[in-house]
Amino acid sequence: MDPDFAGIEPRAGPLPWRRRDPGFPGLLRTICGQMISNQAAAAIWGRLSSLPGALDPAGLLALDDDALRGAGLSRPKVSHVRALASAVAEGRLDLPALRAAPDAEAIAAIAAIPGLGPWTAQVHLLFGFERPDVFPPGDVALAAGVAHLKNLPERPKPKALVEMATAWSPWRSLAARLLWHHWRHATGRPAGEAP
């Protein structure tokens, strides 16, 4: 319905449909991508996921900090992945149960884990749970993509992005995917995500 969105795939090619594991590994991968480029996140994920036991909460907790730092996690992210692993291992965060919870409830539960926050929760709902109407307004690439696509003089702030995204409901997740796809194309970055 939006002519600007209608032009994305003809320019950038078919939209790659990114998915992540809906459980612990998918959320762990999202933490790897906090506040860094997709390329850096993919490299860290490759090293982290190859550590024996890292994709299981108990296995990750058994790894020492040096192993996690050697995979490329910063000191704060080591703390964040440990907080996530503890919450899942202790049953304080029940990811299978959250798959059936309303968006706001699932986001609040994930964001309550130290170091995760709303962006991490929203991205997990979008790629892990494949929810149709989630939009992470704090995402810098989304803001840049909107500014470029709509010829805005500057990137919209999160509050303005929330307001803009209401027009795309109930398919805000698709709008986010298209905006990321557009921004990757506009900046010459590869489409999709490394396995």
Side-chain angles (χ1 to χ4, degrees), residues 15-101 103 105-131 134-136 138-142 144 173 176-177 180-181 183-184 187-195:
L15 176 66
W17 198 258
R18 292 165 51 191
R19 289 186 174 103
R20 290 193 181 156
D21 184 291
F24 177 75
L27 194 45
L28 188 62
R29 183 167 190 167
T30 302
I31 292 171
C32 289
Q34 292 172 332
M35 301 176 68
I36 61 174
S37 73
N38 286 342
Q39 292 81 6
I44 292 168
W45 175 249
R47 292 188 298 268
L48 178 63
S49 62
S50 69
L51 293 175
L55 301 184
D56 173 74
L60 187 133
L61 290 169
L63 293 169
D64 63 24
D65 285 0
D66 287 342
L68 296 173
R69 296 267 299 131
L73 293 176
S74 64
R75 287 194 200 306
K77 284 188 182 179
V78 168
S79 173
H80 302 164
V81 300
R82 288 195 182 285
L84 170 64
S86 294
V88 172
E90 294 165 8
R92 291 180 285 116
L93 185 67
D94 185 344
L95 291 169
L98 287 182
R99 287 192 76 180
D103 291 345
E105 183 181 322
I107 289 168
I110 294 169
I113 305 302
L116 273 62
W119 179 89
T120 304
Q122 291 158 341
V123 169
H124 188 67
L125 263 65
L126 204 154
F127 294 118
F129 293 175
E130 294 191 82
R131 297 285 177 93
V134 177
F135 193 88
D139 190 276
V140 175
L142 282 182
S173 296
R177 288 173 179 271
W180 278 315
H181 187 49
W183 188 239
R184 281 191 298 268
T187 57
R189 293 183 177 102
E193 183 171 73

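Residues take their numbers from the sequence shown, with the count starting at 1.
Under the side chain to side chain donor-acceptor pair (under 3.5 Å) criterion, Ser37 pairs with no residue, sequence neighbours left out. Residues passing the ring pair (Phe, Tyr, Trp, His ring centres under 6.0 Å) test with Phe24, sequence neighbours excluded: none.
Atom CD1 of Ile31 sits about 9.0 Å away from atom CG of Leu73, to the nearest 0.5 Å. Between the CG atom of Leu95 and the CD1 atom of Ile110 there is a distance of 6.0 Å, given to the nearest 0.5 Å. To the nearest 0.5 angstrom, Ser79 atom OG is 11.0 Å from Leu84 atom CG.
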Below 3.5 Å, can you tabulate the donor-acceptor pairs from side chains in residues 112-122 to any protein atom, sequence neighbours excluded?
unit_1: Trp119; atom_1: NE1; unit_2: Asp139; atom_2: OD2; d: 2.8
unit_1: Thr120; atom_1: OG1; unit_2: Gln34; atom_2: NE2; d: 2.6
unit_1: Thr120; atom_1: OG1; unit_2: Leu116; atom_2: O; d: 2.8

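For the pair Trp180/Leu126, a side-chain contact is recorded, criterion being any heavy-atom separation below 4.5 Å from C-beta on. For the pair Leu27 and Val88, the minimum side-chain heavy-atom distance is 4.5 Å or more. Side chains of Arg92 and Ser86 form a contact here, defined as non-hydrogen atoms less than 4.5 Å apart. Within the 4.5 Å cutoff, the side chain of Arg20 has heavy atoms near those of the Val123 side chain. At least one side-chain heavy atom of Lys77 sits under 4.5 Å from a side-chain heavy atom of Ile36. Between Pro16 and His181, some side-chain heavy-atom pair lies under the 4.5 Å cut-off.
Residues Ala54 and Leu60 approach most closely at O-CD1, 3.5 Å, considering heavy atoms. Annotation for Gly128 and Pro22: closest pair O-CB, 3.4 Å, computed over non-hydrogen atoms. Of all heavy-atom pairs spanning Ala89 and Leu61, the tightest one is CB-CD1, 4.3 Å. Heavy atoms only, all atoms of each residue included: Leu142 and Phe135 are closest at CD1-CZ, 3.9 Å. For the pair Asp21 and His124, the tightest heavy-atom approach, listed with the atom from each and the gap, is O-CE1, 3.5 Å. Residues Ala67 and Leu51 approach most closely at O-CD1, 3.7 Å, considering heavy atoms.
Checked by atom type and distance alone, the side chain of Arg47 pairs as donor or acceptor with a backbone atom of Ala71 at under 3.5 Å. Side-chain N or O atoms of Arg177 include one that pairs as donor or acceptor with a backbone N or O of Arg18 at under 3.5 Å. Counting only distance, with no hydrogens or angles, the side chain of Thr30 and the backbone of Gly26 share a donor-acceptor pair below 3.5 Å. Of the possible polar contacts, none joining the Arg99 side chain to the Ala106 backbone as a donor-acceptor pair under 3.5 Å is found.
The residues Asp65 and Arg82 are annotated as salt-bridged, a charged nitrogen and a carboxylate oxygen being separated by less than 4.0 angstrom.
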side-chain contact (heavy atoms from CB on, under 4.5 Å) between Glu130 and Ser173, worked out: CA-CA 8 Å; Glu130 294 191 82; Ser173 296; over 6 Å; no
Asp103 and Phe129: CA distance, side-chain angles, deciding distance, side-chain contact (heavy atoms from CB on, under 4.5 Å) verdict: CA-CA 10 Å; Asp103 291 345; Phe129 293 175; over 6 Å; no
